[in-house]
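Whatever order the structure lists ligands and atoms in, that order sets their numbers, starting from 1. What you see is a predicted model; the values in this text were computed from it and never measured.
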Amino acid sequence: MSKLRTAVLGAGGIVGQRFCEMLSSHPYFDIPDIYGSERSAGRPLSEVVILPEHRIGEELLQMKMKALTEEAVKREKYDVIFSALPSDAALRFEEDLCSSGNRVFTNASPNRMKPNVPLVVPEVNHEHLSAVEGRKGFIVANGNCSAIGLAMGLKPLERFGLRSVEVTTLQALSGAGYPGVPSLDASGNVIPFIDSEEEKLQQEIPKMFGNLASGEILPSGIIVRATCTRVPVRDGHMESVTVQLGQAVTFPEVADAFSSFRSLPQELSLPSAPLRPVILRMERNRPQPLLDVNAGEPFSARGMAATVGRLRVEGSTVRFVILTHNTIRGAAGGSLLNAEIMHARKVL
Ligand SMILES: NC(=O)c1ccc[n+]([C@@H]2O[C@H](COP(=O)([O-])OP(=O)(O)OC[C@H]3O[C@@H](n4cnc5c(N)ncnc54)[C@H](OP(=O)(O)O)[C@@H]3O)[C@@H](O)[C@H]2O)c1
């Protein structure tokens, strides 16, 4: 079967580079073009790559970035577009590209909360993808990187009833893009505020756990209270979570819910699906970003698993720490897995 013609927008950024890494030699997607701003147009990707030990193929590394214009993208007639644009550029381009019949999988925030845009974490609410089936052009959004991690920790507990969640995040520097937080602010420091981040977590989780009705998503009643902090870690968002469930549970029940959790991407054996989407660790000092950020097997799903640890259960209150790779599971890999589901369903 021929591969889908695919473009990456914002390819030179941190998330764009992750897309290029995960799409190098992908069985479904072929990348004829990568796009950047006017500033990076004409430069080969190799000149801007900052990911250590990356696995971007030589052909993509030597590819020159094109300047992103609506006309250029429309002319090329792509089957799929992955967007790693910052908010302002996403606002300028994504809706127009969708209106002209393009299928856009975005990581940017501006379109996430629109009722006709599914906000999908593949293992959590893949059924929301059916909201766009049959449309010529559409946008499928990824959540905020911490919201994605939190959703993966909540999904296995949904069967016990999700009432409310208190979460404190410890978010990595790469979450702010490149060059991100100034080094003098970041090193040896913790910043107890990230602009607009808490609101995103509080709004996005109810949408992800909502019900699809007549092509729109009705948010669930789950209450989320968030405190978001930036810590001097390169990659990996850690979150300390307290969940109030609708019923009393035991430690073995909750441990089993995390360990046995599987979803559609695993059933379909998709290329970027981790065999175990949630890995429960019993050691008292795990997860740690340095040790666990790249969790996920097979190798093509490296960084796609969430790691849960510090599990504590008391009546209907469950506490745990969860770690996810913010630019893989929390960004490029999440979008890619959504597209892989739609490819498997023959929507793309
Ligand atoms: N970093 C994360 O962990 C993370 C996680 C989830 C979601 N996101 C979201 O993903 C998006 C990308 O984030 P990032 O961390 O990769 O940011 P980034 O490192 O700042 O990269 C953004 C890239 O977009 C390019 N760009 C800017 N304006 C453009 C335009 N008009 N046309 C084409 N390209 C343009 C920039 O190119 P130039 O260098 O040429 O300006 C840059 O390479 C953002 O919306 C962010 O909120 C990020």
Which donor-acceptor pairs under 3.5 Å do the side chains of residues 302-317 make with protein atoms, sequence neighbours left out?
from	atom 1	to	atom 2	distance (Å)
R312	NE	R310	O	2.8
R312	NH2	R310	O	3.1
T317	OG1	Q244	OE1	2.9
T317	OG1	Q244	NE2	3.4

What side-chain donor-acceptor pairs closer than 3.5 Å can you find for residues 84-92, not counting sequence neighbours?
none

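Looking only at atom types and distance, the side chain of Q202 has no donor-acceptor partner in the side chain of E198 under 3.5 Å away.
Hydrophobic clustering, defined by side-chain heavy atoms of Ile, Leu, Val, Met, Phe, Trp and Tyr closer than 4.5 Å, leaves I279 isolated from every other such residue.
With R112 as the partner, the side-chain contact (heavy atoms from CB on, under 4.5 Å) test is satisfied by one option alone out of V117, T106, N144: N144.
Taking the six-membered ring where the residue is Trp, H343 and Y28 present parallel rings, their angle staying beneath 30° rather than reaching 60°.
Using a 4.0 Å heavy-atom criterion, the residues that approach ligand 1 are G10, G12, G13, I14, V15, G36, S37, R39, S40, L68, A84, L85, P86, A89, F93, N107, A108, C145, S174, G175, G177, Y178, N326, T327, G330, A331.
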